[in-house]
Protein chains: 2
Amino acid sequence: MAFVNQNQILQSLIAEQLVSDPASARGRLLKEAARLFRDKGYERTTVRDLAAAVGIQSGSLFHHFRTKEEILKAVMVETIRLNTALMQAAADSEESPRGKLRALVRSELESINGQTGEAMAVLVYEWRSLSESSQVQVLELREIYEGLWLSVLEELNELGQLKADPFIVRRMLTGALSWTVTWYKPERGGLTLDGLTDQVMAMLGL
Amino acid sequence: MAFVNQNQILQSLIAEQLVSDPASARGRLLKEAARLFRDKGYERTTVRDLAAAVGIQSGSLFHHFRTKEEILKAVMVETIRLNTALMQAAADSEESPRGKLRALVRSELESINGQTGEAMAVLVYEWRSLSESSQVQVLELREIYEGLWLSVLEELNELGQLKADPFIVRRMLTGALSWTVTWYKPERGGLTLDGLTDQVMAMLGL
DNA sequence: GACAATACCAAGCAAGCGCTTGGTTTGTAA
DNA sequence: TTACAAACCAAGCGCTTGCTTGGTATTGTC
């Protein structure tokens, strides 16, 4: 498979209309929404907050989205789509199972602590605010994403390099990596994203 | 130090008025509040929900607590107090650093997935709903709790048994263990709490 | 340049929210 | 029995919420 960079992946997803262009009105709203939802929580964020963040009246929001919850759902759906593609590319760029796992860890840390960090945090911590029917739809996408992890972890396990059950390791990693959003501040303190990735791999004895 | 069981610890904390008796009106409310806050989130839980859960009128709540937020804070404060005492006892019951760490992991898993699980989940996932001044107060208690973990992890590190930085390992464990609340269901599926603890230790290469 | 369709505004509605109020019941102790 | 505080109820106030409505700019298309 050819190597592609992150921007190419984003562009092709936009072309397929699977994620909104960050430059479009919809895209800008979703970005601001993700930030507000992470900072204040979905419930504490009002439609007036959302509208103000993109400079329109609160009522005008409902021209783009039918309900407030639809905004939350859109944030989650587009985030999973983008990150599934990014993770797939990261895994494909490596040969060895260990290399693939490291790429996945690094890629997820990047998603959580980088550009799409707000949206990733929303995905993890605002799950309960989604209606049940929306949860089902988002869960379907999430399973593709998780499948990526499991295939790599199972490969490692068959090689005897994993010290615990693949399913459990993935779940522990889900918690551990998403939790980094609450404490990891790359700017102050010397730990880089690669350094953090190394620590995670070391912790797993890899 | 003498071995004490969990109930003895709870009783002595009640006697010192550091946590509410679960049989008292206040104690029952806090228990119901923890459950509701975890299930629906703090913001989605109304004072009418809280009152109905203990069979009183919504206005009557404010005879016991000045504000709704005070209820959230009380849930968090009492939960930390209880669990700090439980963790201290668990660590003291073991000799070796590895044994102490295992006891801490098991104890935290028990807190998260057992009786006080609702409250522990609230502590982790409703942090943002606390006012800043309350956050400061709860954080002070939290630091005692974290100190317990760090002293054990540092001891292990000095013995060369830890594969990554103690601070980072603790943070990874915080995320990983608290996340178990979203997927670990001891009743269905064969994994016991001890089994899960073993998996965590294995993952750390211990 | 006509004409939709799209994007937005200004105003406000109905419902639900946290919390207050004034008054009644219940528990306790002399 | 009396006295008094703690616990509770019934009612509702003032405010904020998500969302609707009727209308006006703005944009793209032929």
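Proteins get letters first, then strands, A, B, ... in listed order; numbering begins at 1 in each.
Annotation: ring-ring contact (aromatic ring centres under 6.0 Å, His included) contacts involving residues 9-48 of chain B, sequence neighbours excluded, comprise F37(B)-Y42(B). Pairs engaging residues 6-15 of chain B under the salt bridge (Lys or Arg N to Asp or Glu O under 4.0 Å) rule: none recorded [sequence neighbours left out]. Within the structure, no pair that satisfies the ring-ring contact (aromatic ring centres under 6.0 Å, His included) test touches residues 60-86 of chain A, not counting sequence neighbours. Sorted by first and then second residue, the ring-ring contact (aromatic ring centres under 6.0 Å, His included) pairs with a member in residues 107-131 of chain A read Y125(A)-Y125(B); sequence neighbours excluded.
For E140(A), the side-chain contact (heavy atoms from CB on, under 4.5 Å) test picks out V136(A), with sequence neighbours left out.
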- Under 4.0 Å protein heavy-atom contacts per nucleotide of nucleotides 7-19 of chain D, with B for base, S for backbone only and - for none: BSBS-B----BBB

